[in-house]
Amino acid sequence: MQEPQTVKAHDLSFELMISEKEIQAKVEAMGEILQKKYKGKNPLFLGVLNGSFVFTADLVRAFGGTCEVSFIKLSSYSGLESTGEVATVIGLTTDVEDRHVIVVEDIIDTGKTMHDFLPTLKNMNPASVAFATFLLKPDAVKYKFPIEYIGYEIPNKFVIGYGLDYNERGRNLRGIYQLK
Ligand code: 5GP
Ligand code: MG
């Protein structure tokens, strides 16, 4: 299916920024790097809902090796802007003690969501923690922490698609679309 160049979500128009084909190649490459790095370690991929459900599904299949997958749900966004408050909507149900955890994010914007969650995670004594984010907005980052795996660095503009939404619309778009 040919992906559209422009899409509408609610009242706003968005234009194609990263195509499905580019995304596939990028995620495959990241999966291979992770597979080498975590060989024999049975890592736990911890997807951050809702946005990362698509990227997590692709990344764990690109990884290919033995691994486990779980999700948490955190929320800081409403509409186009971060509320600045991070709420845990669904907590960690998997035991992470002595596990190699790879936190999978759709996008890191200010960094607050992950920065706030990191101490909670570290308190549970994982063997290691690494971050894999599909997108990073370097100009928006206010809370710094090491991010080991980054798909794309993008300008500080609102995007949807590949799991990311604008008020719940656009998550099922195959590409990444930027606000016009
Ligand atoms: P942070 O806590 O790093 O500021 O924000 C992270 C969360 O904000 C992401 O997981 C995502 O849900 C949301 N977010 C940040 N930037 C964007 C964006 O450009 N588009 C969408 N749809 N969500 C975003
Ligand atoms: Mg998210």
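Side chains included, hydrogens not; waters and symmetry mates left out as well; all remaining heavy atoms used. In what follows, residues are counted from 1 in the order of the sequence shown. Start at 1 and go down the list; that is how both ligands and their atoms are numbered.
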Open item on the list: Taking distance alone, with N or O pairs closer than 3.5 Å, would you say Gly111 contacts ligand 1?
Closed with: yes

Task: Any N/O pair Val159/ligand 1 closer than 3.5 Å - done: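 N/O-N/O distance under 3.5 Å: yes.
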
TODO: Taking Thr133 for its side chain and Leu136 for its backbone only, find out whether a donor-acceptor pair lies under 3.5 Å.
DONE: no

TODO: Report yes or no: does Tyr177 contribute a side-chain atom to a donor-acceptor pair with the main-chain N or O of Pro4 at less than 3.5 Å?
DONE: yes

Open item on the list: Arg61: which residues meet the salt bridge (Lys or Arg N to Asp or Glu O under 4.0 Å) condition with it, sequence neighbours left out?
Closed with: Asp58

Ligand-residue contact atoms, ligand 1 with [X], heavy atoms, under 4.0 Å:
{"X": "Glu105", "answer": "10 (O)"}
{"X": "Lys112", "answer": "1 (P), 2 (O), 3 (O)"}
{"X": "Asp165", "answer": "21 (C), 22 (N)"}

Task: Phe14 six-ring face occupied by Lys8 cation (under 6.0 Å, within 45°) - done: no

Task: side chain to side chain contact (heavy atoms under 4.5 Å, CB included) against Ala62, all qualifying residues, sequence neighbours excluded - done: Val27, Glu28

Does some non-hydrogen atom of [X] fall short of 4.0 Å from ligand 1?
{"X": "Met114", "value": "no"}
{"X": "Gly51", "value": "no"}
{"X": "Tyr166", "value": "no"}

Task: Electrostatic pair Glu68:Arg99 at N-O distance under 4.0 angstrom - done: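 Result for this pair is yes, salt bridge flagged.
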
TODO: Only heavy atoms count here, so choose which of Asp106, Leu136, Leu164, Thr110 is nearest to atom 23 (N) of ligand 1.
DONE: Leu164

Task: Proximal candidate to atom 9 (C) of ligand 1 [heavy atom criterion; set Thr113, Ile107, Asn156] - done: Ile107

Open item on the list: Pairing donors with acceptors under 3.5 angstrom, does anything connect the side chains of Asp109 and Tyr143?
Closed with: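 No, because no side-chain N or O of Asp109 sits under 3.5 Å from a partner of the opposite role on Tyr143.
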
Open item on the list: As a test of understanding, state which of Ile176, Ile154, Leu59 forms a side-chain contact (heavy atoms from CB on, under 4.5 Å) with Phe134.
Closed with: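 The single option meeting the side-chain contact (heavy atoms from CB on, under 4.5 Å) with Phe134 is Ile176.
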
- [ ] With heavy atoms only and a cut-off of under 4.0 Å, state how Val48 meets ligand 1: side chain, backbone, both or neither.
- [x]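 No part of Val48 comes within reach of ligand 1.
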
Open item on the list: Is the contact between Lys157 and ligand 1 made by the side chain, the backbone, both, or neither, using heavy atoms and a 4.0 Å cut-off?
Closed with: backbone

